[in-house]
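The structure appears below as structure tokens.
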Amino acid sequence: MRIADDCVVTLAYTLRDDAGEVLDSATAADPFAFVHGRHSVIPGLEKALTGRAAGDKLELTIAAADAYGEHSPARVQVVPRDRFPADLDIEPGMQFHASDEHGGRMSVRVAEVSEDGITVDANHPLAGQTLHFAVEVLGVRAATAEELAHGHVHGPGGHHH
């Protein structure tokens, strides 16, 4: 069976950045499974996997535009220190959940801490980065009706990324 929309694809992969640092991985023992065609993985990965079959191994380089998007300066802002709990030691790299203007939840990362305030970055941590994937397709099967209704895989190996 080849990978097409509404298939459940199970992968082992290693994700590296341009410097060769491993950012994320999934092993055959604890694989990553997703419903193809539902935007649950980045567009560049979905495109590259279409038409592949179990046993295929791919080395992919995915540009930021096909991954987590370009880094947007508009999503970086300085927030007054008093908007954060006073008893909290705030350090660069910490993550907070904030509400965006539409009331949706988003994750922001502390980029810098200064006397004027806290610089937070709402870009995806991998925005603006070229991603290097080594992927092995472990399995391809038709999704169940329930999986299609929910758009994600149930049961073991249902990593959420």
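Hydrogens, waters and symmetry mates are skipped; everything else that's a heavy atom, side chains included, is used. Counting from 1, the numbers follow the sequence of the chain as shown.
Of the inter-residue distances, the one linking Ser114 atom OG with Arg81 atom CZ reads 11.0 Å to the nearest 0.5 angstrom. For the atom pair CG of Leu131 and OG1 of Thr61, the computed distance is 9.5 Å after rounding to the nearest 0.5 Å. Taken from CZ in Phe96 to OG in Ser107, the straight-line distance is 10.0 Å, to the nearest 0.5 Å. Here the straight-line distance linking atom OG1 of Thr14 with atom CG of Leu23 works out to 10.5 Å at 0.5 Å rounding.
Across all non-hydrogen atoms, the minimal contact from Ala111 to Pro92 is O-CB, 3.8 Å. What you find for Val137 and Arg52 is that their closest heavy atoms are CG2-CB, 4.4 Å. The shortest non-hydrogen separation linking Ala33 to Thr10 is CB-OG1, 4.1 Å. Minimum heavy-atom separation, Ala67 to Pro43: O-CD, 3.9 Å. For the pair Val113 and Ile90, the tightest heavy-atom approach, listed with the atom from each and the gap, is CG2-O, 3.6 Å. The shortest heavy-atom contact between Pro73 and His71 is CD-O, 3.5 Å.
With His124 contributing its side chain and Leu126 its backbone, the two residues share a donor-acceptor pair below 3.5 Å. The closest donor-acceptor contact from the side chain of Asp30 to the backbone of Thr27 lies at 3.5 Å or more, if one exists at all. Thr50 places a side-chain N or O within donor-acceptor distance of the main-chain N or O of Glu46, the cut-off being under 3.5 Å. A donor-acceptor pair under 3.5 Å links the side-chain atoms of Asp17 to the main chain of Glu21, judged by distance alone.
Side-chain atoms of Tyr68 and Asn123 include no donor-acceptor pair closer than 3.5 Å.
Side-chain contact check for Ser40 versus His152: every heavy-atom pair is 4.5 Å or farther apart. Side-chain atoms of Leu11 and Leu138, non-hydrogen and from C-beta on, never get closer than 4.5 Å to each other. Using a 4.5 Å heavy-atom threshold, the side chains of Gln95 and Pro125 count as touching.
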- Message: For a side chain to side chain contact (heavy atoms under 4.5 Å, CB included) check, start with the C-alpha distance between Ile62 and Leu45, then their side-chain angles and the critical distance, and finish with the verdict.
- Response: CA-CA 7 Å; Ile62 298 175; Leu45 185 57; 4.2 Å; yes
- Message: Working note: His132 + Asp18, criterion side chain to side chain contact (heavy atoms under 4.5 Å, CB included); need CA distance, chi angles, decisive distance, verdict.
- Response: CA-CA 7 Å; His132 303 272; Asp18 273 333; 2.6 Å; yes
- Message: Run Val22 and Leu15 through side chain to side chain contact (heavy atoms under 4.5 Å, CB included) and show every step you take.
- Response: CA-CA 6 Å; Val22 174; Leu15 168 59; over 6 Å; no
- For Leu49 and His36, what are the C-alpha separation, side-chain angles and deciding distance, and is it a side chain to side chain contact (heavy atoms under 4.5 Å, CB included)? CA-CA 9 Å; Leu49 288 170; His36 196 75; 4.1 Å; yes
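Looking at residues two or more places apart in sequence or on another chain, you find a side-chain contact (heavy atoms from CB on, under 4.5 Å) between Glu112 and Thr119. Legend: residues meeting side-chain contact (heavy atoms from CB on, under 4.5 Å) with Asp89, ordered by chain and number and at least two apart, are absent.
A salt bridge links Glu147 to Arg141: one of the charged nitrogens lies within less than 4.0 Å of a carboxylate oxygen. Salt-bridge check for Arg38 with Asp5: failed, with every basic side-chain N at 4.0 Å or more from each acidic carboxylate O. By the 4.0 Å N-to-carboxylate-O rule, Lys47 lies close enough to Asp66 to be salt-bridged with it.
Between Phe32 and Phe34, the two ring planes are parallel [angle under 30°; tilted spans 30° to 60°].
Of the residues Val79, Asp121, Ile118, Val120, the one that meets the side chain to side chain contact (heavy atoms under 4.5 Å, CB included) test with Val108 is Val120.
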